[in-house]
Amino acid sequence: MLNIQSLWRKRESVIVTWLVSYSAVLFVPILFSLIIYAQANTALKSEIHRANDSLLKQMRYTIDTQIDLMKRLNMEMTWSPNLQTLMYSSQSDAEAPYTAYQLVKELRLFKTSYATIDEFYVVWKKGEAVLRAGNIRDIPTAFHTIHETGNLSLETWKRSVLEADTKHFMLLPHLNAGPAESSIAYVTQLPADLNGQETGTVVVMTDTSRFQQALEGISGFSDGLLMILNQNDEVLMTNRDPAEELLPFMEGNRVRLDQAKVGESELFYMDSAVSDLKYALIIPSGLYWEKAVNVRNFTYISILVSLVGASVLTWFFMRRNYSPIQQLVESLKDKTSQSVPGEPNELRFIQNMIQRARSEKNEIAQQLQKHQQVLRSNLIYRLLKGKTDPLVPYEESFRSFQMPLYSRDFAVILFVIENEDRLYDKLPGVGLSERSKLIQLIISNVVEELVATRGHVGYVAEVDEMIVCLVNLQADSVTWSEDLRAIAAEAQRFLERYEMELTISFSGRHPSWIGIHEAYQEAVDAMEYKMVLGKKGIIAYGEIQQETAGGMYGYDYPLQTEQQLINFIKAGDAEQAGHYMNEIMKRNLEKPVMSLNVAKCLMFNLVSTMIKVIHELGGHEDDCRLADYPLWIDEVLACDTVQEMQSALQSLLHEVCTFAADKRASHLLREREDSLRSLIEKVTAYIAERYNDANLNVNAIGDHFGMKGSYLSKLYKNQTGEGLLDSIHRCRIEKAKELMRAQSESISELSKVVGYNDAATFIRVFKKYEGITPGRYKEISGMNGKEVTV
């Protein structure tokens with residue numbers, strides 16, 4: 001078992017590789033022999049294929065002539081005026097038989113012109129008939145006359161002819177087709193008529209015996225199987241049946257033309273020039289292999305001679321070249337046999353040993369580099385935090401870390417990334433610590449290079465999640481402040497390419513190592529002023545100190561101003577309220593720069609105003625827009641800058657104004673509905689009181705209530721669903737019905753009592769609303785005052 005494993009591992013040895021490489025030389029003569037053999041075989045194949053193509057072309061020419069006659073006759077029948085009139089005209093059922101008779105006479109002429117066409121007819125679906133040359137038969141009779149051979153049922157024939165594709169070839173039985181009793185039919189389904197109904201089919205048939213003669217005449221030149229295939233690659237007919245060599249090429253009812261060779265047979269085919277038919281030929285491949293026996297034997301002998309001669313030379317040179325490699329491997333194994341696992345391939349073993357040595361060297365260098373970076377960052381961190389040690393020689397430490405110093409004057413530039421979360425999202429698949437290191441590396445390279453271009457030297461480190469650049473200023477530099485601002489501006493523009501949004505602050509100039517901590521603290525203090533000045537700016541500590549020194553220590557937001565803002569919000573005037581709040585912010589945040597504490601107090605006071613308004617409005621608990629207003633307040637207070645807080649306050653202000661406006665509009669709508677309801681009640685009472693006045697109409701009622709009659713009628717209909725004039729008529733009719741049930745006055749007298757000047761108008765209106773005349777109503781109501789239901 002161990003010997004087998006040892007041999008298996010030896011498969012990767014260099015000697016095996018060389019054996020394979022040298023053996024490749026054997027393939028040169030073998031390749032030439034195979035090329036010669038292939039060329040000879042190809043020439044034989046080409047000659048046989050050329051002969052087969054000639055047979056197929058001859059077959060195509062012979063059969064396409066007959067197929068072309070069938071298609072031509074089919075086209076003449078399809079475009080016959082009599083057939084078009086019969087199928088698509090709107091002639092009556094009495095005229096259709098005459099048209100069919102004319103078509104039959106025309107088909108008789110086609111019978112004379114196309115003598116080689118054995119049968120053709122038209123299936124008339126609407127007339128349930130088959131039109132042949134000289135006669136018209138119903139479909140069952142025609143089927144029994146033409147196709148009844150026992151191989152096809154009537155229903156199958158109908159589906160094949162009436163429900164098949166538009167144009168196709170198929171094999172149909174034919175009683176008068178001789179011994180075979182079958183024909184190749186070209187079937188054309190006629191288009192539907194204007195109503196979308198199927199019209200019929202044109203069928204042209206030629207007996208298979210005509211094609212069989214052509215196939216047998218051509219197949220005499222070869223032992224192949226000739227076939228005619230339809231558009232679906234199905235066999236219409238062959239020169240002999242059954243044919244066992246056809247079975248390997250069949251897939252269901254179809255012949256697979258994509259398989260050129262299966263077993264000992266090869267298939268060739270050619271498309272018809274006049275139809276969708278295909279002509280195929282299957283011949284045994286042994287026809288040309290028999291002629292290639294001599295070439296094949298010569299090839300085998302040349303290959304054998306090449307193998308024997310080359311094997312001897314290969315073994316000799318392989319052993320001669322392997323000895324130095326084996327000695328080198330043994331020398332390396334003596335030193336590393338206990339630490340390095342065995343490698344079966346000698347060259348890979350040597351390569352692995354070299355790579356291992358290089359890797360160990362690189363790892364040692366990287367560890368030293370990492371330690372140096374950590375020590376350097378720790379040195380800068382302690383200086384920025386003011387944790388200096390008088391016993392530490394800092395100048396010597398800087399030199400040991402290859403950090404030159406130009407003077408004893410220092411300044412600090414502070415960088416804050418405002419879009420850090422979105423920036424991290426653009427680095428998928430990278431860990432959080434790696435992302436932070438990558439961003440710090442980019443900023444370090446850019447900033448340190450920019451500082452160097454200005455004649456200073458800078459060193460970047462990360463402190464309290466901020467990136468800090470300690471700048472050692474050039475001695476006696478008078479433009480150091482302008483240089484620091486230029487460095488910050490150039491860094492912002494350059495890092496925008498990496499989609500970084502930075503806020504940058506820088507300190508003043510400080511001497512000695514202790515001054516580094518003061519410079520860092522000044523940069524941090526200046527960075528806090530981004531709350532007032534906004535993000536993505538450059539803030540200089542010296543400028544902030546000058547502007548805040550002469551600034552005010554309070555803010556302008558008196559009680560009258562607050563009450564005016566509250567009134568705007570309660571009125572729902574979002575535009576005016578927003579403009580007023582902007583004026584307050586602008587008035588307080590103008591130069592000089594407001595101190596941070598004062599700015600925060602102003603923001604808290606504005607937030608307090610919003611809370612007051614929300615509670616004074618009331619009902620906000622049921623409104624989805626203001627139900628979560630405490631969360632809105634938290635978002636406002638969480639803003640980093642005054643500008644962000646102002647934007648959040650404007651959004652909250654807009655929602656509160658919208659709520660107030662909706663509440664005010666809802667209150668006005670309720671008041672309007674109550675007023676309309678009271679008006680409708682008054683109008684209804686007025687009609688009931690004045691119904692007997694003949695001059696009572698829509699305009700009169702409108703004048704009484706100080707309104708236009710048409711407008712009052714529209715309001716009345718919107719509230720009651722009935723027009724004002726309809727209400728007047730209905731009131732009068734109801735009063736008339738009461739009087740007719742209780743009194744015996746005449747219709748003429750009664751019409752005047754209820755407000756109509758003449759009886760005809762009263763009768764017409766009464767019949768419109770009650771469906772009967774007043775006289776008829778009086779009869780069916782009776783004289784006892786009881787109303788009868790009609």
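The environment of NZ in Lys125 is crowded: more than 12 heavy-atom neighbours from other residues, nucleotides or ligands sit within 6.0 Å. Within 6.0 Å of atom CG in Leu109, more than 12 heavy atoms from other residues, nucleotides or ligands are found, so the atom counts as buried in its surroundings. Around CG of Asn253, the count of heavy atoms belonging to other residues, nucleotides or ligands within 6.0 Å does not exceed 12. Environment of OH in Tyr769: crowded, with over 12 heavy atoms of neighbouring residues, nucleotides or ligands closer than 6.0 Å.
No donor-acceptor pair under 3.5 Å is formed between the side chain of Thr761 and the backbone N or O of Tyr756. Checked by atom type and distance alone, the side chain of Thr145 pairs as donor or acceptor with a backbone atom of Thr141 at under 3.5 Å. Between the Arg60 side chain and the Met270 main chain, no donor and acceptor come within less than 3.5 Å of each other. At distances below 3.5 Å, at least one donor-acceptor pair connects side-chain atoms of Gln189 with backbone N or O atoms of Leu162. Remark: the backbone N or O of Leu83 is not paired with any side-chain donor or acceptor of Glu106 at under 3.5 angstrom. In this structure, the side chain of Thr188 does not engage the main chain of Lys167 through any donor-acceptor pair within 3.5 Å. Judged by distance alone, the side chain of Thr65 and the main-chain N or O of Tyr61 form a donor-acceptor pair under 3.5 Å. A donor-acceptor distance shorter than 3.5 angstrom exists from the side chain of Thr201 to the backbone of Val161, with no hydrogens or angles considered. In this structure a side-chain-to-backbone donor-acceptor pair under 3.5 Å is present from Asn697 to Asn699.
Across all their heavy atoms, Thr199 and Met87 have their closest contact at O-SD, 3.6 Å. Looking at every heavy atom in both residues, Thr116 comes nearest to Gln66 through O-NE2, 3.1 Å. What you find for Thr156 and Leu152 is that their closest heavy atoms are CG2-CD1, 3.4 Å. Among all heavy-atom pairs drawn from Trp124 and Ala100, the shortest one is CZ3-CB, 4.1 Å. Shown here for Leu750 and Phe762, the closest heavy-atom pair between the two residues is CD2-CZ, 4.4 Å. Taking each heavy atom of Tyr88 and Ala192 in turn, the nearest pair found is CE2-O, 3.7 Å.
Results of the side chain to side chain contact (heavy atoms under 4.5 Å, CB included) test with Ile282 over Phe268, Tyr269, Phe249 single out Phe249 as the only residue that passes.
Between atom CZ of residue Phe120 and atom CE of residue Met70 there is a gap of 12.0 Å, rounded to the nearest 0.5 Å. Rounded to the nearest 0.5 angstrom, Met170 CE and Trp157 CH2 are separated by 10.5 Å. Note that the CD1 atom of Ile687 and the CD1 atom of Ile701 stand 4.0 Å from one another [nearest 0.5 Å]. Between Leu154 atom CG and Ile139 atom CD1 the span is 8.0 Å, to the nearest 0.5 Å. The CG atom of Asp276 sits 6.5 Å away from the NZ atom of Lys71 when rounded to the nearest 0.5 Å. Note that CG of Leu86 and CD of Gln91 are 6.0 Å apart. Values are rounded to the nearest 0.5 Å.
Leu257 has its side chain within reach of Leu267: a pair of non-hydrogen atoms, C-beta onward, lies under 4.5 Å apart. The shortest side-chain heavy-atom distance between Ser713 and Leu725 does not fall under the 4.5 Å cut-off. Inter-residue side-chain proximity for Asn82 and Lys105 is flagged as unmet; no heavy-atom pair is nearer than 4.5 Å. Between Glu155 and Arg159, some side-chain heavy-atom pair lies under the 4.5 Å cut-off. With a 4.5 Å cut-off on side-chain heavy atoms, Val235 and Leu229 count as touching. Looking only at side-chain heavy atoms (C-beta outward), Lys111 and Ile117 stay at 4.5 Å or farther from each other. Counting heavy atoms from C-beta on, the side chains of Met205 and Tyr121 come closer than 4.5 Å. The shortest distance between side-chain heavy atoms of Lys768 and His729 does not fall below 4.5 Å.
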* To do: Dump the intermediate steps for side chain to side chain contact (heavy atoms under 4.5 Å, CB included) on Tyr279 and Asp64, then the final yes or no.
  => CA-CA 10 Å; Tyr279 308 116; Asp64 275 2; 2.3 Å; yes

* For Asp193 and Lys126, what are the C-alpha separation, side-chain angles and deciding distance, and is it a salt bridge (charged side-chain N to carboxylate O under 4.0 Å, His left out)? -> CA-CA 11 Å; Asp193 59 14; Lys126 181 177 180 181; over 6 Å; no

* **Intermediate values then yes/no, side chain to side chain contact (heavy atoms under 4.5 Å, CB included), Ile184 and Thr206** => CA-CA 5 Å; Ile184 293 179; Thr206 299; 5.5 Å; no

* Any chance you could lay out the side chain to side chain contact (heavy atoms under 4.5 Å, CB included) test for Glu128 and Asp138, step after step, and finish with the verdict? => CA-CA 6 Å; Glu128 294 292 331; Asp138 59 275; over 6 Å; no

* Chi angles and distances behind the side chain to side chain contact (heavy atoms under 4.5 Å, CB included) call for Asp726, Arg730 -> CA-CA 6 Å; Asp726 290 334; Arg730 193 169 296 282; 5.8 Å; no

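For the residue pair Asp207 and Ser183, a side-chain donor N or O sits within less than 3.5 Å of a side-chain acceptor on the partner.
In this structure, Tyr114 and Phe110 have perpendicular ring planes: the angle between them is above 60°, well past the 30° mark.
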